[in-house]
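This report concerns only the one structure given below.
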Amino acid sequence: MNTHRLKIPLLLACSSILFIAARLNREDKPKGLKDYYKKYFAIGVAVRPSDLKNNQESSLILNEFNSITPENAMKMGPIHPSESRYFWRDADEIVDFGVKNKIKVRGHTLCWHAQTPSWIFTDSSGNQVKKDVLLRRLKSHIQTVVSRYKGKIYAWDVVNEAIADDTTFLRKSKWFEITGEDFIEKAFEYAHEADPKAVLFYNDYNTEIASKRDKIYRLLKKLRDKGVPVHGVGLQAHWSINSPSREELEKSIEMFSSLGLQVQFTELDISVYSGRQGGQLIQGQRRQMETPVFTAEMEQKQLEKYKMVFEVFRKYRKNVTGVTFWNLSDKYSWLDGRGRKNYPLLFDTNLKPKRAYWEVVKF
Ligand code: G3I
């Protein structure tokens with residue numbers, strides 16, 4: 001039999017089956033946040049390695065998001081526990097998940113006052129190091145980490161939370177104590193040298209409070225005027241049911257955009273308790289973990305706030321290049337560590353969309 005004559009129909013049949021399977025596969029998946037917003041900006045989520053190993057969580061991530069940020073794995077302490085040792089496993093798992101699934105990866109964070117390893121500020125005798133030593137260590141850290149993920153991480157939170165919450169300008173961190181302001185521009189220069197294509201962000205919170213916003217603006221204008229390679233501002237967006245207002249939010253986007261910076265909302269959650277920074281309990285109020293229920297009143301206030309902020313994000317689509325949620329669902333939130341269970345995200349404790357989700361995707 002002339003098998004050649006069979007080949008073409010067989011090929012056609014196989015390709016049709018593959019095509020139908022691909023369409024079925026695509027069509028039977030519900031649209032996710034990333035699909036609703038594909039013409040606006042990337043929709044991301046902060047992840048832990050365990051999220052990627054759990055089928056329920058990883059499926060939700062793949063269906064809803066097109067960007068991921070390591071919640072802790074790339075911070076200085078976890079990734080560089082001693083001067084001669086790096087711990088790459090967790091960060092590599094997250095980056096590999098992103099690369100394998102064609103999901104963008106944001107690096108977080110290269111220089112922060114928190115979760116820094118104890119060795120970085122002290123010499124072998126236990127004395128505090130001088131400015132030149134600390135900057136040399138910072139350069140080595142940044143160039144080692146950024147080079148490892150060059151071409152895989154598209155954006156970095158280079159410096160995190162350097163502005164003070166009180167009436168002073170810069171946070172009185174060890175970085176500031178030892179190097180003055182220099183650690184900020186040096187961090188950006190080191191990161192840019194290591195990966196000239198990476199988009200470099202300054203990241204901070206409470207950026208809708210005028211006094212803090214003005215100081216961040218002052219810092220970023222100074223850096224931009226000096227030609228320091230800072231390309232974007234990360235507004236963390238740890239908000240609550242009663243803040244920010246629409247006006248505060250629009251003012252922040254307009255001010256930072258006027259510097260020619262990309263704007264990203266890098267750590268979005270909306271606490272169901274009133275107050276800034278997620279309405280956490282202040283130290284004195286902490287008792288053993290309270291587990292208040294997620295009431296209908298909380299839900300209504302939260303969905304109104306989510307509806308408003310996404311209306312503003314879409315209005316400023318030309319300036320906003322990404323919105324990342326900080327944690328995946330109400331099953332776990334960093335805010336739970338503040339003494340009472342919180343419900344700040346769009347997916348509930350069973351990873352199902354809450355009413356607020358449908359307010360975000362209905363436009
Ligand atoms: O990994 C250790 C574990 O070995 C140990 O047994 C356990 C108990 O001590 O601690 C674990 O480390 C914790 C780490 O999260 C990983 O779970 C730290 O104690 C804990 O402080 C750390 O909290 C993180 C926090 O940053 C640190 O300040 C939160 O998960 C993380 O969501 C939060 O994220 C920050 C952003 O990076 C910057 N913007 C603010 C945001 C919220 O604080």
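Start at 1 and go down the list; that is how both ligands and their atoms are numbered.
Geometrically, ligand 1 and Glu161 share a nitrogen or oxygen pair separated by less than 3.5 Å. Considering backbone and side-chain N/O atoms, Trp112 never comes within less than 3.5 Å of an N/O atom of ligand 1.
Ring geometry for Phe121 against Trp175 counts as perpendicular: the plane angle is over 60°, on a 0 to 90° scale with 30° as the lower cut. Note: Phe65 and Phe325 have perpendicular aromatic rings, judged against thresholds of 30 and 60 degrees for the angle between ring planes.
The proximity of Asn160 to ligand 1, defined as any non-hydrogen pair under 4.0 Å, is limited to the side chain.
Close approach of ligand 1 to Tyr332 is summarised as follows: ligand atoms under 4.0 Å from at least one heavy atom of the residue are 30 (O). For ligand 1, the atoms sitting less than 4.0 Å from at least one non-hydrogen atom of Trp326 are 31 (C), 32 (O), 34 (O), 36 (C), 37 (O), numbered in the order shown with element in parentheses. Listed by atom number, the atoms of ligand 1 under 4.0 Å from His238 heavy atoms are 40 (C), 41 (C). In summary, the atoms of ligand 1 found under 4.0 Å from a heavy atom of Gln236, numbered by their order in the structure, are 39 (N), 40 (C).
Ring pair Phe265/Trp239: centre-to-centre distance below 6.0 Å. Between Phe363 and Tyr37, the ring centre distance stays below 6.0 Å.
Under the salt bridge (charged side-chain N to carboxylate O under 4.0 Å, His left out) rule, Lys301 has a single partner from Glu304, Glu297, Glu299, which is Glu297.
For the residues Asp336, Asn72, Asn203, the heavy atom positioned nearest atom 23 (O) of ligand 1 is part of Asn72. When the heavy atoms of Arg48, Glu71, His108 are ranked by distance to atom 31 (C) of ligand 1, first place goes to Glu71.
With salt bridges taken as basic N to acidic carboxylate O contacts below 4.0 Å, none links Arg355 and Glu359.
Under a 4.0 Å heavy-atom criterion, Lys75 is in contact with ligand 1.
Crowding of Arg218 atom CZ: a count of heavy atoms from other residues, nucleotides or ligands under 6.0 Å not exceeding 12.
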